[in-house]
2 protein chains.
Amino acid sequence: MKKEPEFCQFQEALGILVGKWKPVILVHLLNDGTQRFSVLKRKMPGITQRMLTKQLRELEDEDIIQRVIYPEIPPKVEYSITEYGRSLEPILEAMHEWGSSHVARKQAEEPETQEEKLS
Amino acid sequence: MKKEPEFCQFQEALGILVGKWKPVILVHLLNDGTQRFSVLKRKMPGITQRMLTKQLRELEDEDIIQRVIYPEIPPKVEYSITEYGRSLEPILEAMHEWGSSHVARKQAEEPETQEEKLS
DNA sequence: GCCATTGGTACCCTCGAGGGAACTATACCA
DNA sequence: TGGTATAGTTCCCTCGAGGGTACCAATGGC
């Protein structure tokens, strides 16, 4: 069952984090707390219902987020981070930090991007 | 050019780390230091030349690893982590740590896996 | 002359993530 | 009677990551 002794554990984390929208969803839920579907959707311009639903389901299946359905008639469904999901925060933070400096580095390396400012 | 102010920075890190083999390559290079192509390949059972070359090139393009060619005749090429690549270590560590507890958790949740031991 | 070794490249294929568009149910509002 | 809102689902399509296989170049060993 185990493949590379010890090595592949991070694949577990990666497997949960990859997906174009999952990290964004998690950050939103971590920052702003419990939110309903439509609010999340509005905060992620470009995502479709289909995609948002799918990503949310997958996160729910992994017990990273929680889904609460209110049986009202304009339906209401609220999503929130689970205790367990919150344990992913260090990873997201590390990635965010690294990503920021990576972007800064790339901008420093490519001064051609500055052309616009020269005109 | 920027999409979600602040949010998408971790995508930079994810973009580099995803790829079935990249994290494994990085861990090998981080743990065991400079290594030549064939050694890396041997350490990753299941990977093909084509794949290893591809993943290494992509990491090199991002300046995460370094490629040194010795003009000998059975060719010799050595790969090593760059200073910059080493800055990814905290992320890999965080993921590894989380992944380990995730695996432990899954095993605790699914005692059906124990069936084998009951026979 | 033939094979092995090393680090590749070239070509082709498969499968699934991601995504677009349309449809659904139910109640309220005008 | 028709429109709006919410949270989905269903069907279909595209594109690229991953992968399999074969080939190459240059040399040393038998």
Side-chain angles (χ1 to χ4, degrees), chain A residues 3-4 7-8 10-26 28-29 32 34-62 64-80, chain B residues 3-4 7-8 10-26 28-29 32 34-62 64-80:
Chain A
K3 305 154 193 177
E4 312 283 309
F7 282 135
C8 286
F10 46 67
Q11 299 286 12
E12 301 286 333
L14 266 182
I16 283 172
L17 257 12
V18 295
K20 194 169 165 187
W21 304 100
K22 281 184 198 145
V24 194
I25 292 172
L26 292 178
H28 278 301
L29 289 178
D32 306 342
T34 301
Q35 282 162 93
R36 52 191 301 186
F37 186 87
S38 53
V39 174
L40 275 176
K41 187 168 179 303
R42 241 168 277 136
K43 287 185 181 174
M44 283 181 269
I47 200 172
T48 59
Q49 253 118 329
R50 190 194 170 287
M51 262 302 120
L52 184 51
T53 307
K54 226 178 125 194
Q55 307 281 306
L56 287 169
R57 285 292 182 289
E58 288 173 18
L59 289 171
E60 194 196 356
D61 288 346
E62 297 283 358
I64 304 299
I65 65 173
Q66 200 185 2
R67 181 164 170 255
V68 179
I69 307 159
Y70 297 84
E72 307 173 359
I73 265 309
K76 177 176 171 185
V77 179
E78 281 187 345
Y79 293 92
S80 55
Chain B
K3 305 154 194 179
E4 312 283 305
F7 282 135
C8 286
F10 46 68
Q11 299 287 12
E12 301 286 334
L14 266 183
I16 284 173
L17 257 11
V18 295
K20 194 169 167 186
W21 304 99
K22 283 186 195 140
V24 194
I25 293 173
L26 292 178
H28 278 301
L29 289 178
D32 305 343
T34 301
Q35 281 162 93
R36 55 192 298 188
F37 186 86
S38 53
V39 174
L40 275 176
K41 186 167 180 306
R42 242 168 276 136
K43 286 185 181 174
M44 285 181 267
I47 200 171
T48 59
Q49 252 118 332
R50 190 194 169 288
M51 263 300 120
L52 184 51
T53 307
K54 225 179 124 194
Q55 307 281 307
L56 288 169
R57 285 293 182 289
E58 289 173 18
L59 289 171
E60 194 196 356
D61 289 345
E62 298 284 356
I64 304 298
I65 64 173
Q66 201 186 2
R67 181 163 169 256
V68 179
I69 307 158
Y70 298 84
E72 308 173 357
I73 265 310
K76 178 176 172 186
V77 178
E78 281 187 345
Y79 293 91
S80 54

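Reminder, nothing fancy here: chain letters follow the sequence lines and each chain counts from 1.
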Quick check on [N]: is either OP1 or OP2 less than 4.0 Å from any side-chain nitrogen or oxygen of [X]?
| X | N | result |
| --- | --- | --- |
| R67(A) | dG8(D) | yes |
| S38(A) | dA7(D) | yes |
| W21(B) | dA17(D) | no |
| Q55(B) | dG18(D) | yes |

Ignoring the backbone of [X], work out which of [options] is nearest its side chain.
| X | options | answer |
| --- | --- | --- |
| Y79(B) | dG18(C), dG18(D), dG8(C) | dG8(C) |
| F37(B) | dT27(D), dG7(C), dT9(D) | dG7(C) |
| K20(B) | dG18(D), dG19(C), dA7(D) | dG18(D) |
| R36(B) | dT6(D), dA7(D), dG7(C) | dG7(C) |
| V77(A) | dG8(D), dG8(C), dG18(D) | dG8(D) |
| R57(B) | dG8(C), dT21(D), dT6(D) | dG8(C) |

Worksheet item: Across the strands shown, which category fits Y70(B) at heavy-atom distances under 4.0 angstrom: base, sugar-phosphate, nothing?
Response: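 Result for Y70(B) = nothing.
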Discussion item. Heavy atoms only, 4.0 Å cut-off, all strands: where does K41(A) land among base, sugar-phosphate and nothing?
Written reply: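 Result for K41(A) = nothing.
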From [atom1] of [X] over to [atom2] of [N], roughly how many Å is that when rounded to an integer?
| X | N | atom1 | atom2 | result |
| --- | --- | --- | --- | --- |
| I73(B) | dA25(D) | CD1 | C1' | 7 Å |
| K54(B) | dG16(D) | NZ | P | 11 Å |
| Q11(B) | dA17(C) | CD | C1' | 14 Å |
| L14(A) | dG18(D) | CG | P | 11 Å |
| I25(A) | dA7(D) | CD1 | P | 14 Å |
| Q49(B) | dC23(D) | CD | C1' | 12 Å |
| M51(B) | dC11(C) | CE | C1' | 14 Å |
| L17(A) | dA17(C) | CG | P | 16 Å |

Worksheet item: Where each residue is assigned the nucleotide of DNA chain C containing its nearest heavy atom, which of P75(A) and L56(B) is assigned the position nearer the 5′ end?
Response: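 Result of the comparison: L56(B).
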Fill in: Whichever of I69(B) and I47(A) has its nearest DNA chain C nucleotide further upstream toward 5'
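Result: I69(B).
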Discussion item. Using modelled atom types and a 3.5 Å cut-off, is there a donor and acceptor pairing between side-chain atoms of Q55(A) and backbone atoms of P23(A)?
Written reply: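 No, Q55(A) side chain to P23(A) backbone: no donor-acceptor pair under 3.5 Å.
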Worksheet item: Does R50(A) make a side-chain donor-acceptor contact with the base of dG8(D), cut-off 3.5 Å?
Response: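 Side chain to base: no pair below 3.5 Å.
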Worksheet item: Considering all heavy atoms of both residues, which atom of P71(B) and which atom of I69(B) are nearest to each other, and what is their separation?
Response: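 Looks like CD-O, 3.7 Å.
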Fill in: The single option from L17(A), L29(A), I16(A) passing side-chain contact (heavy atoms from CB on, under 4.5 Å) against I64(A)
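That would be I16(A); it is the only one of L17(A), L29(A), I16(A) passing the side-chain contact (heavy atoms from CB on, under 4.5 Å) with I64(A).
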Discussion item. If you apply the rule side chain to side chain contact (heavy atoms under 4.5 Å, CB included), what do you find for M44(B) with I25(B), and how did you get there?
Written reply: CA-CA 8 Å; M44(B) 285 181 267; I25(B) 293 173; 3.7 Å; yes
Worksheet entry | Matching residue for Q35(B) among K43(B), E78(B), K41(B) - test: side-chain hydrogen bond (donor to acceptor under 3.5 Å, both in side chains) |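 Testing Q35(B) for a side-chain hydrogen bond (donor to acceptor under 3.5 Å, both in side chains) against K43(B), E78(B), K41(B) leaves exactly one candidate, K43(B).
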Worksheet item: Hey, what do you get for CG (L59(A)) to NZ (K54(A)), rounding to the nearest 0.5 Å?
Response: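 Here the interatomic distance stands at 12.5 Å.
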